[in-house]
Each structure stands twice: as structure tokens, then as C-alpha cells.
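For the single chain, residues carry numbers from 1 onward in sequence order.
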Amino acid sequence: MLALLKNLKGDKAIWGIVALLALFSFLPVYSASTNLVYVKDSGTTVGHLVKHGVLLFLGFMIIYAVHRIPTNYFKGLSLIAMPIVLILLGYTLTVETNIGGVSANRWIKIPFVGIPFQTSTLASVVLMIWIARYLSKIRDTKITFTESILPLWLPVGLVIGLILPANFSTAAIVGLLVMILCFLGGYPLKYLFAISGTGLVLAGMFLFVLFKAPDALPDRAGTWKSRIETFLHPEEASADANRQVNYAKMAVAEGGLFGKGAGKSVMKNILSQSTSDFIFAIIIEEYGLIGGLGLLFFYLLLLFRIVVVANSAKTVFAKLLVIGVGLPIVFQAFINMGVVVQLFPTTGQPLPLISMGGTAIWMTCLAIGIVLSASDKKQEEGLNIDDNNPLEVLSGQL
């Protein structure tokens, strides 16, 4: 173990923050898992805790393995991974999955082990690496929109388009993060404004159809409409539509300043997603406003360290890579917290490194490993292209 710790590279502050968040997650997960055991009659609290621990352990193995990969290699890896994730996204839409009788084709089963895998989470990470590679390539050249359609916007459109039918919130978040990364990467503003304007027009048309003719849209459209209506007009929404949001707000109110104490949440057995989407409500109920603000502080600290790593990176690709894969982690955390206090409509986004769930944990760890790779200065120095290594050829030439 000591030898393993000595081999840890990269930003030590990020290692520490991630480790603290992971360790803290055991408390709310163990507490909230009573919902799965006594309400949904699924497993035992110790069993769910052990499962969460195994998923985190595998996640940290992903961080360790990925952070040892030289940053430049991710250019080549994105070229290999992009066709794979597009195939996986397309295949996911053909796999019928139902949640509460509503179609939600977001997961596929990993062969042999049977673990559900949400392909959109992998696709979003790969897409950000792809965009960072392209933007670093055109950094010092003038580019026209036409020239960037095939290498940039076609992959973006395909990924978002394949995510959208089953997961509107994730598609919208990925689209927003793509625009932010393109802006930071120096993509011409006039094209970004044009794309944003077109996106707003299409969004307006989509909302019009959603509210006027929802039957013309996929099965999930009813859920999207209900969530938007509940958020915009909570007083007019049905008791059933408001139930989870109201329970989350009650948990926050019950927590007060210092909370009820570890394991003493009452709402955890009423909130249907208390171990994932609404786990922040349980944290505030048990640890109070102090606990909630403390958790927010660590995510802000993680954001600060990501910005520091990006600023100190020696190559444009490394800078954009860190922002591209690091920013979504904190962004997702803010959205999860915002949903609980009703700043945003319900989106189904888990709390990174805290919520239960294998795919979300692993993809967060993948992104953290990439950030740590870019924070290791030794990996950016003296990288010679080896013509016998296809990954190095791809990273050097593309």
C-alpha cells in the first residue's frame, strides 16, 4: 500500500479532495440505503454499503490507471473511443428499459457481470476529449464554420442526438458544456452565437411541441413536460408530481443549522431516490446547513484546483482537456444540489462521488484520472513520438 501511495502522481490536493468525498459518501449511503431495504425490499444495508465500497474501490483503480497515462495519449484514445461510444449510444436506444412503467432507454448490461452501464456518461467524457483535441489543433489558425462541421459539430450532434431521446437533461447539459469549452478554446464567437441562436429557436420549437402535442415525441416526453410544469407552476401541479420535490424541501427544512445527526433522517424512507438523485437532501437533514455548505465548499475547492491545473498546464490540449472533463464534475454537483432546493427542475443527475451508482462513479473517476494526468508536469516533458506505438502516432500527428 505504501508503495502504491508513493506512485501517486499529479495534484495532491485533488487526490485529497476526492478521497475525502469518497470517504464521506459512506455515511449518507449507509443511512439512505434503508429505503432500498425496508421500502423497496432490496438487499441489506450492509450489502449496499459493501457494494458502494467495491464500486468506489474500482473507481480509484480507474483513477490510478488513467492518471499514469501521458496526457497526449488521450488525443489518440479519443479517435479510437468516439466510434465506439456512438455505436454504444445507438445500441442503448434499442434496449428497452422501463422505470415505473415509463420508457428510459439509458442503460445496457455489461456482459458476464450484469452491471447496468449508462453509456451517455462515457460518451460525454469522450466527447470533451475529442473537442479539446480539435480546438488545440486549430488554436493558431483561422477556421470557418464549414470546415469545422465534419471534425467538430457532426460528432457533437450525433452524441447529443443519440442521448436526447432517453435523457433530455443530460443532452442539454452536454450541449451547454460543449459551448463553454468551445468558447474557452477560442472557437470563433460569431459561429458560437449563431449556433446558440439556432439552438434557442430549436428549443423553443421543441417546447411548443412538448406542450401542444406531446404524443408526437418519445415516451419520455410526458416526464419532461411534468417536470417543467412542476418547476414553473408548483402550486398548480398535482400532489403526485410535487411529492418528491416537497419531500426534499421538507428534509432540508428539518435539517436546520446542525441537522438531526448521522442516520437519523426520516425523509430517507419516503424519498424514492434518496440514495442517488436526492441524497443531498438527506445530507442536509442529517448534517444540517453546516454539512451542506461544507460539502459545497469541497466541490468549490475541487473546481479551484481544476482551474489551477488547467492554468499551469504547458500545452493548449492539456488546458482544454482539464476544463473539458473536470468542469462537468462540479457542474453536475451544483445541478444536483440546485434540484434539491428547487433552483432547477428535477433532472436525475447524481451527486458525484457521493450518490450510489456504478457508472456515475466510474466515469467521474475516469475524468479525475485524466485531470490528474494533466497535472503531472513530468508527463508533459520530453515526450518523443514512437512510430511503433499507434497511440503516440495518433497523438503526435492528430
Side-chain angles (χ1 to χ4, degrees), residues 74-75 78-79 81-83 85-86 89-90 93 119-211 216-218 220-221 224 228 306-307 310 316-317 319-332 334-335 338 344-345 347 349 367 398:
F74 293 110
K75 290 183 181 180
S78 70
L79 293 170
M82 180 57 74
V85 298
L86 290 175
L89 287 173
L93 292 177
T119 52
S120 60
T121 56
L122 173 61
S124 60
V125 175
V126 172
L127 181 62
M128 292 302 169
I129 303 173
W130 178 280
I131 295 171
R133 180 195 65 83
Y134 176 76
L135 293 175
S136 65
K137 181 180 177 181
I138 65 165
R139 181 67 176 180
D140 298 319
T141 61
K142 289 185 178 181
I143 190 76
T144 65
F145 178 73
T146 304
E147 292 172 335
S148 62
I149 290 178
L150 287 177
L152 177 60
W153 297 114
L154 180 60
V156 169
L158 287 173
V159 170
I160 295 177
L162 290 170
I163 293 174
L164 180 61
N167 200 335
F168 175 79
S169 60
T170 297
I173 291 169
V174 170
L176 178 60
L177 290 169
V178 165
M179 297 303 289
I180 292 174
L181 184 58
C182 287
F183 170 74
L184 295 175
Y187 190 79
L189 284 177
K190 59 182 179 180
Y191 300 140
L192 290 179
F193 282 129
I195 294 169
S196 299
T198 303
L200 289 174
V201 171
L202 292 175
M205 294 171 60
F206 171 78
L207 290 174
F208 178 81
V209 175
L210 179 65
F211 284 93
L217 297 172
R220 290 284 295 172
W224 304 338
I228 295 173
I306 288 171
V307 173
V316 173
F317 172 69
K319 291 177 184 291
L320 295 175
L321 180 67
V322 170
I323 294 297
V325 302
L327 184 61
I329 300 173
V330 184
F331 195 79
Q332 185 180 14
F334 291 164
I335 291 176
F344 307 113
T347 60
Q349 299 296 319
L398 300 175

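Taking both residues in full, the closest heavy atoms of I306 and V330 are given as CD1-CG2, 4.3 Å, listed atom of the first, atom of the second, then distance. Counting all heavy atoms, side chain and backbone alike, A123 lies closest to V159 at CB-CG1, 4.1 Å. Contact detail for M128 and V178: the closest heavy-atom pair is CE-N, 3.8 Å. Contact record, S78 with V126: O-CG1, 4.3 Å, taken as the closest heavy-atom pair. Pairing each heavy atom of A367 with each of I329, the nearest pair is CB-CD1, 3.8 Å. Summarising the geometry of A310 relative to K319, their closest heavy-atom pair is O-CG, 3.0 Å, with the distance given to 0.1 Å.
Separation of atoms CD1 (I180) and CG (L327) is listed at 6.0 Å; rounding is to 0.5 Å. Between I160 atom CD1 and F168 atom CZ the span is 11.0 Å, to the nearest 0.5 Å. In this structure, CG in L200 is found 12.0 Å from CD1 in I195, a value given to the nearest 0.5 Å. Expressed to the nearest 0.5 Å, how far CG of L152 lies from CD1 of I143 amounts to 9.0 Å. A distance of 10.5 Å separates CD1 in I129 from CG in L79, rounded to the nearest 0.5 Å. Residue I335 holds its CD1 atom at 8.0 Å from OG of S169, rounded to the nearest 0.5 Å.
Judged purely by atom type and a 3.5 angstrom limit, R139 uses its side chain to pair as donor or acceptor with the backbone of G185.
Considering only heavy atoms from C-beta on, L189 comes within 4.5 Å of L192 through its side chain. Contact annotation: the side chain of L135 never approaches that of W130 to less than 4.5 Å [non-hydrogen atoms, C-beta and beyond]. Looking at heavy atoms from C-beta onward, K75 lies out of side-chain contact with L321 at the 4.5 angstrom threshold. The shortest side-chain heavy-atom distance between L320 and R133 does not fall under the 4.5 Å cut-off.
Judged as a side chain to side chain donor-acceptor pair (under 3.5 Å), and not counting sequence neighbours, the contacts of T144 are E147.
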**Item:** Audit row: T119, V85, side-chain contact (heavy atoms from CB on, under 4.5 Å) steps and yes/no
**Value:** CA-CA 7 Å; T119 52; V85 298; over 6 Å; no

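A side-chain contact (heavy atoms from CB on, under 4.5 Å) with S120 holds for exactly one of L164, I163, I173; it is I163.
Evaluation of the side chain to side chain donor-acceptor pair (under 3.5 Å) test over residues 192-202, restricted to residues two or more places apart or in two chains, returns none. Residue pairs that meet the side chain to side chain donor-acceptor pair (under 3.5 Å) test with at least one member in residues 170-189, sequence neighbours left out, are S148-Y187, W153-Y187, N167-T170, T170-Q349.
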